Each structure stands twice: as C-alpha cells, then as structure tokens.
Amino acid sequence: MAETAIMKEPFFWEGTDKRGKKVKGKSLATDEATVRADLRRQGVVPTRIRKQRKSLFSGKTKITSGDIALFSRQLATMLAAGIPLVQAFEIVGTGHENAAMQKLILSIKGDVEGGSSLHEALAKHPLYFDDLFVNLVESGEQAGALETLLDKIATYKEKTEAIKKKIKKALTYPAAVLIVALIVTTILLIFVIPSFEDLFQGFGADLPSFTRMVIDLSAFVREKGWYIGIFIGLGIGSFLYFKKRSRAMRHWLDRMTLKTPVIGPIIEKAAIARYARTLSTMFAAGVPLVEALESVSGATGNIVYEEGVLRMRDEVATGQRLQQAMENTDLFPNMVIQMIAVGEESGSLDEMSGKVADFFEEDVDNAVDNLSSLLEPMIMAILGVLVGGLVVAMYLPIFKLGAVV
C-alpha cells in the first residue's frame, strides 16, 4: 500500500459539474485514467487533464523543520474538524507544494492504510520526526486524544520555530552585511585601486603613508588573492566538517557561544525557553518525568544544556527532586528553579514550565530586537571605515596636490 501511495503524482484538471458549471482542481493519482474515474464518481465531466510538470530541482527539494511544523498544525486542524486520519493525510499531501514533503506525507498515509499506527508510521522517518514527536503521538493514541496531542505538538513546533527564526535573523543580518562589505572592499582593491595607482605615478611626488599602505594592500590581494581565497575556503570547509562530525568541537563551540558577550545571553535564554516548552508539552501529555527529560535534553539546541539535562535525568531517576537537580547543573537562573519548585509542589509542573517558556520566549524576542538596534549603527560604522577609508586613501594625494598648487 505504501508503495502505491508513493507513486501517486499530481494532476491538474478542468471540467463541468452536474449543473454545467466549469470547475477545476488538482488531484493525486497513479495515472490519468484514475483521475477521470475519480472525477466521474464525483459528478464531474473532465474536459482537460494534465500532469503537473516537475521542476528541475523538485527531486532535490529539502524538508525543513518549518515544513514539519506546518504539517503538524494542518493535521491537528483536520482531526479537530472531525476528518478521518487517512483522508486528512490525503488532503494535506495533495495541497503541499514541496515535492519531498508531499512524498513523505503520502508514504506515512500508505503505512497507516496498511495497518500501522500513526506513531509507528512516523517512527520510520527519524530524520523528520524525533523521539519527542513520536512519543507524544503515541501518548495521544493510547489516551484516545490524538487531536489534542497533535495540537500541543503543533503549538510546540511553532514556538520553537519562532525562536529559531528570531536568532537566525539576529545573526544572519549582520553577517550578510559584513560579507557584502568584504566583497565590495575586495572589488575596490582588485579593480579600482590599480587605476588610481597608475594615475599617481605621474605626480612625481611621494604619496601619503595611508595611500601607500592601501596600494600595497591592493598589490598583495592581486598577487596572493587566490591563495587567500583557497585558504579561507579550506578553513571554512574544515570548520563545517568537524563541527558536524566532532561532538567535542560542538561542545567547545556551544560553550564559547554561551560566553560570548551580547550573543551568549540570547542563546542561553533560547535554550532555557526550549527546555521549559518541551518539558511542559511532554508532562502535559502524561509522559513520565524521567522519560520526558530524555527528549527534553535533545530539544535544548545546545550541547552544554543537553548534557546538563541528561545529568538531571540521572539524578531524578535516583529519587532527586527536579528542582535540586536543576540547581546542581549551574545552568538555570534562580527564578526558573523556583518556578519549577512551585510547579512540583503544587502538582502543576506543566503549567509552571509553560509560564517559564512564555517568559523566556518573550525575553528572547526583546533581546533580539535590542541586538538589532545595537548592531545597525555598528555595521554602518564598519562599512564606513572599510569603504570610506579606501575612498579617502585614494583622494588624499589629490587633496595634497591641490594644496601645493
């Protein structure tokens, strides 16, 4: 059954309904004959059917965490509206623009049609559905409240995605501007400065020290630029390679990131927000605390916090209170520990964790906005020094010549 679902392809169709009104739409089917048969059963007389053309890059389309978050919300909405699970998959899969996501959804639908439970079907795709997702779905199926749990999963995914986007926005904008500034500076050094150098040779006078330094830098970049580019490329490639494969390096990077001024506090708040949001979601679903902490550790997004939460899990498994285990890590502010303590004592750990998550998510939003406001003048200053400095260096001899005349 799963193979049949995977082989379905999108078809656009046009036709007339029972009242003679023109209608059109999109259907998933194995071939054109199946589309015609389905339309006739619906009372539609097809006049035109064509297969959707595949984009050149459709086979390489990636599935992002944002796609999974959207899929979670769509599925939760469909089930809450009373639509059967298999039909919900058909509707969501048919309407998805991402070819890879469409294929994934239909593969899961095929497994469910073949008799697998939803959590078993999702578990076959661990790259997109982690243990947290699968465990929550399983809890919802066992409790007979799948739509409620899917709604919690969707909310959780949306919240975590919002934090990720905020942090990426804070880091991407200045990085992009600085890269553009570096490219512009390189172009000036390679193509523009040599023209001025030829002009200055006819002056017959000594050039200002600043101008001479820029001209020497231009000559160095033109002569050694390829070597510099190769060296930088190899450095970035090696960094990304070892960052992906070396846990020790990622541990060092995450620890250094937490200690970085301005950026570090934002990363720390984001990790605490994800910790609290995941803990709240898992505990509200009835997952035992020790088992919940296993999933929570991987959701923090930082190895330092991941290892800290795993130590907490081991301590809680031996009878230690969660509050005390959090204190022992030295990773959480006192306010967070006290709110968790109140939640433990009152039996409302999920609610208090949710309040902690709300507070720190809002704190991350404010910190990112403040960071953007702080970085904008700094970036303008750097651009002014880089580009403006080169312009001034080239015009100094002209000003000097004008003063002599």
Side-chain angles (χ1 to χ4, degrees), residues 63-80 92 101 122 128-140 145-172 254 258 263 265-287 289 291-302 305-306 308-309 322 326 331-333 335-336 339-340 343 348-372:
I63 297 176
T64 65
S65 52
D67 290 327
I68 300 299
L70 177 60
F71 161 73
S72 304
R73 173 56 64 196
Q74 289 175 324
L75 191 59
T77 303
M78 294 280 182
L79 294 182
V92 175
M101 190 67 192
L122 295 175
Y128 310 115
F129 303 101
D130 54 18
D131 291 340
L132 169 64
F133 201 115
V134 174
N135 290 340
L136 288 176
V137 170
E138 184 178 8
S139 299
L146 182 58
E147 64 275 7
T148 302
L149 264 296
L150 280 172
D151 181 71
K152 290 182 180 294
I153 294 172
T155 301
Y156 164 75
K157 287 288 184 182
E158 289 163 353
K159 295 280 188 180
T160 52
E161 278 303 301
I163 291 181
K164 286 181 183 178
K165 287 180 180 178
K166 277 282 185 180
I167 295 176
K168 284 182 180 179
K169 177 185 175 182
L171 300 178
T172 301
D254 284 355
L258 291 173
I263 299 294
I266 296 179
I267 302 298
E268 179 182 347
K269 291 171 184 176
I272 294 173
R274 284 194 287 259
Y275 161 83
R277 178 65 61 193
T278 311
L279 182 63
S280 173
T281 304
M282 294 288 285
F283 209 72
V287 179
L289 182 57
E291 185 179 337
L293 289 174
E294 178 78 36
S295 298
V296 170
S297 64
T300 57
N302 187 286
Y305 275 86
E306 178 183 338
V309 174
L322 179 59
M326 290 175 64
L331 294 174
F332 298 92
M335 183 203 76
V336 176
M339 290 185 71
I340 293 297
S348 58
L349 183 59
D350 56 333
E351 182 180 346
M352 295 307 294
S353 298
K355 291 183 182 297
V356 170
D358 290 338
F359 175 82
F360 276 91
E361 285 164 357
E362 184 177 354
D363 211 7
V364 169
D365 288 347
N366 295 333
V368 168
D369 291 338
N370 293 335
L371 178 62
S372 300

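When reading the values below, keep in mind they use all heavy atoms of this one structure, side chains included, and skip hydrogens, waters and symmetry mates. This structure is a prediction, so every number in the text was calculated from the model and none was measured.
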What do you reckon, is CD of Glu362 surrounded by more than 12 foreign heavy atoms closer than 6.0 Å? no
Salt bridge (charged side-chain N to carboxylate O under 4.0 Å, His left out): pairs with one or both residues in residues 146-157, sequence neighbours excluded: Arg73-Asp151
Just list the side-chain donor-acceptor pairs under 3.5 Å for residues 132-140, sequence neighbours left out, or say none.
from   : atom 1 : to     : atom 2 : distance (Å)
Asn135 : ND2    : Asp131 : O      : 3.1
Glu138 : OE2    : Gln142 : NE2    : 3.3
Ser139 : OG     : Asn135 : O      : 3.0

Partners passing salt bridge (Lys or Arg N to Asp or Glu O under 4.0 Å) against Arg277 (at least two apart in sequence or in another chain): Asp358, Glu361
Across all chains, not counting sequence neighbours, the salt bridge (Lys or Arg N to Asp or Glu O under 4.0 Å) partners of Glu306 are Arg247
Please examine the side chains of [Y] and [X], heavy atoms only from C-beta on, and report whether any two atoms are closer than 4.5 Å.
X: Ile153; Y: Leu75; value: no
X: Leu279; Y: Leu322; value: yes
X: Ser72; Y: Leu150; value: no

Mind checking what makes side-chain hydrogen bond (donor to acceptor under 3.5 Å, both in side chains) contact with [X], not counting sequence neighbours?
X: Glu161; answer: Ser65
X: Ser348; answer: Ser346
X: Thr278; answer: Tyr156
X: Thr77; answer: none

What residues form a ring pair (Phe, Tyr, Trp, His ring centres under 6.0 Å) with Phe332, not counting sequence neighbours?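 Listed in chain order: Tyr275, Tyr305.
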Please evaluate residues Met352 and Phe283 with respect to the criterion side chain to side chain contact (heavy atoms under 4.5 Å, CB included), reporting the C-alpha separation (whole Å), side-chain torsions for both, the decisive distance (0.1 Å), and the verdict. CA-CA 11 Å; Met352 295 307 294; Phe283 209 72; over 6 Å; no
The criterion is side chain to side chain contact (heavy atoms under 4.5 Å, CB included); which residues satisfy it with [X], sequence neighbours excluded?
X: Tyr128; value: Ile63, Ile68, Leu104, His125
X: Pro265; value: none
X: Asp363; value: Lys269, Phe359

Any donor-acceptor pair under 3.5 Å from Ser297 side chain to Glu294 backbone: yes
After noting the C-alpha distance and the side-chain angles of Asp350 and Ser353, does the key distance pass the side chain to side chain donor-acceptor pair (under 3.5 Å) rule? CA-CA 5 Å; Asp350 56 333; Ser353 298; over 6 Å; no
So which atom in Gly308 and which in Leu331 form the shortest heavy-atom distance, rounded to 0.1 Å? CA-CD1, 4.0 Å
Heavy-atom closest pair (Ala357 atom, Ala276 atom, distance to 0.1 Å) is N-CB, 3.7 Å
Can you tell me how far CG of Leu258 sits from CD1 of Ile266, rounded to the nearest 0.5 angstrom? 12.0 Å
Once you round to the nearest 0.5 Å, how far does OG1 of Thr148 lie from CG of Leu79? 10.0 Å
Is there a side chain to side chain contact (heavy atoms under 4.5 Å, CB included) between Glu268 and Ile272 once you walk through the steps? CA-CA 6 Å; Glu268 179 182 347; Ile272 294 173; 4.1 Å; yes
